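Take a look at the structure set out below.
This chain uses plain numbering: 1 for the first residue, then up along the sequence. What you see below is based on every heavy atom in this structure, not just the backbone, and it leaves out hydrogens, waters and symmetry mates. Computed from a predicted structure; not experimentally measured.
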Amino acid sequence: MNSEKIFKGSWGLMLHYKALWIFGVILALTTISFGSALWLRESDNHSDRTLVNWEISTTDKAWIKENFGFDLPLTYTLTVDDLRFRLDDSSISMVEGARLFNTVITLMTVLLTLLAVTLVLRYIAETALIKMVGEQQKSNELNSSREGWSFGFSFAALKLFLIDLVVFTLLLLLTPLLFLPAL
């Protein structure tokens, strides 16, 4: 196996097959996990459980004020404790409680819809990339992005989803067995 030839061929394919770029970007944007996003956060361990901590310069503050009309503070910190409140607090009326409940339900619906759209786009992009490269290797022709979308909307995308579903379900069920020897 000539790994240098494979690397040069894949590099050339990536550079010249611009329709792959669309699906590569979609795949990159839809495959980051929440766990990965947590690892990308600032590495400082905040004992006050800080959610947002930012500072802006005086020139940036002046520019934002001039262009957008917002008078921002130079420093801002938002912690978990700032967001904490009790639902049985007497200062919250029934109307406010109902609005809060409706807001939470709406946010959950939007997040679940976004998750579903993200999953669909992920498997379409993954399938399109696999099939477009496979077709290029067979016929040495470059397909358009429209043909890539038709490759992505196929039974193969559903099969990839079902394979991932079975594998991750089994992993989720078998992970607690790792703790049996410790018990």
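Across every non-hydrogen atom of Leu142 and His16, the tightest pair is CD1-O, 3.9 Å. Taking all atoms of both residues into account, the shortest heavy-atom contact from Leu177 to Pro181 is O-CD, 3.5 Å. Taking every heavy atom of both residues into account, Gly152 and Ala157 meet most closely at O-CB, 3.4 Å. Nearest approach of Glu55 to Thr75, heavy atoms of both residues: CG-CG2, 3.5 Å. Shown here for Phe23 and Ala125, the closest heavy-atom pair between the two residues is O-CB, 3.6 Å.
Rounded to the nearest 0.5 Å, atoms OG1 (Thr106) and CZ (Phe101) are 9.5 Å apart. Residue Ser145 holds its OG atom at 13.0 Å from NZ of Lys18, rounded to the nearest 0.5 Å. In this structure, the separation between CD1 on Ile26 and OG1 on Thr31 is 11.5 Å, given to the nearest 0.5 Å. Taken to the nearest 0.5 Å, the CZ atom of Phe151 stands 11.5 Å off from the OG1 atom of Thr127. Expressed to the nearest 0.5 Å, how far CD1 of Ile22 lies from CE of Met132 amounts to 8.0 Å. Going from atom CH2 of Trp63 over to atom CD1 of Ile56 covers 11.0 Å, rounded to the nearest 0.5 Å.
Screening residues 155-180 for side chain to side chain donor-acceptor pair (under 3.5 Å), with sequence neighbours left out, gives Arg122-Asp164, Tyr123-Asp164.
Panel note: side chain Tyr17, backbone Gln136; no donor-acceptor pair is recorded below 3.5 Å. At least one donor-acceptor pair under 3.5 Å links the side chain of Glu147 to the backbone N or O of Ser144.
The ring-ring contact (aromatic ring centres under 6.0 Å, His included) test applied to Trp21 returns no partner, not counting sequence neighbours. Listed by chain and residue number, nothing satisfies the side chain to side chain donor-acceptor pair (under 3.5 Å) test with Lys61 (two or more places apart in sequence, or in another chain).
Salt bridge annotation for Lys131-Glu135: absent, with no cationic side-chain nitrogen under 4.0 angstrom from a carboxylate oxygen.
Linking ILVMFWY side-chain heavy atoms closer than 4.5 Å, directly or via other members, places Val133 and Ile130 in two distinct hydrophobic clusters. A single hydrophobic cluster is not seen to contain both Val120 and Leu160; linkage of ILVMFWY side chains at heavy-atom distances under 4.5 Å, directly or through other members, places them apart. One hydrophobic cluster holds both Leu180 and Leu174 under the rule that ILVMFWY side chains link at heavy-atom gaps under 4.5 Å. Linking Ile, Leu, Val, Met, Phe, Trp and Tyr residues whenever their side-chain heavy atoms come within less than 4.5 Å places Val117 and Phe153 in a single cluster. In this structure, Leu114 is not a member of the same hydrophobic cluster as Leu121, with clusters built from ILVMFWY side-chain heavy atoms closer than 4.5 Å.
With contacts defined as side-chain heavy-atom distances shorter than 4.5 Å, the pair Met14/Leu20 does not qualify.
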Working for side-chain contact (heavy atoms from CB on, under 4.5 Å), residues Leu162 and Val166:
CA-CA 6 Å; Leu162 292 174; Val166 167; 5.5 Å; no
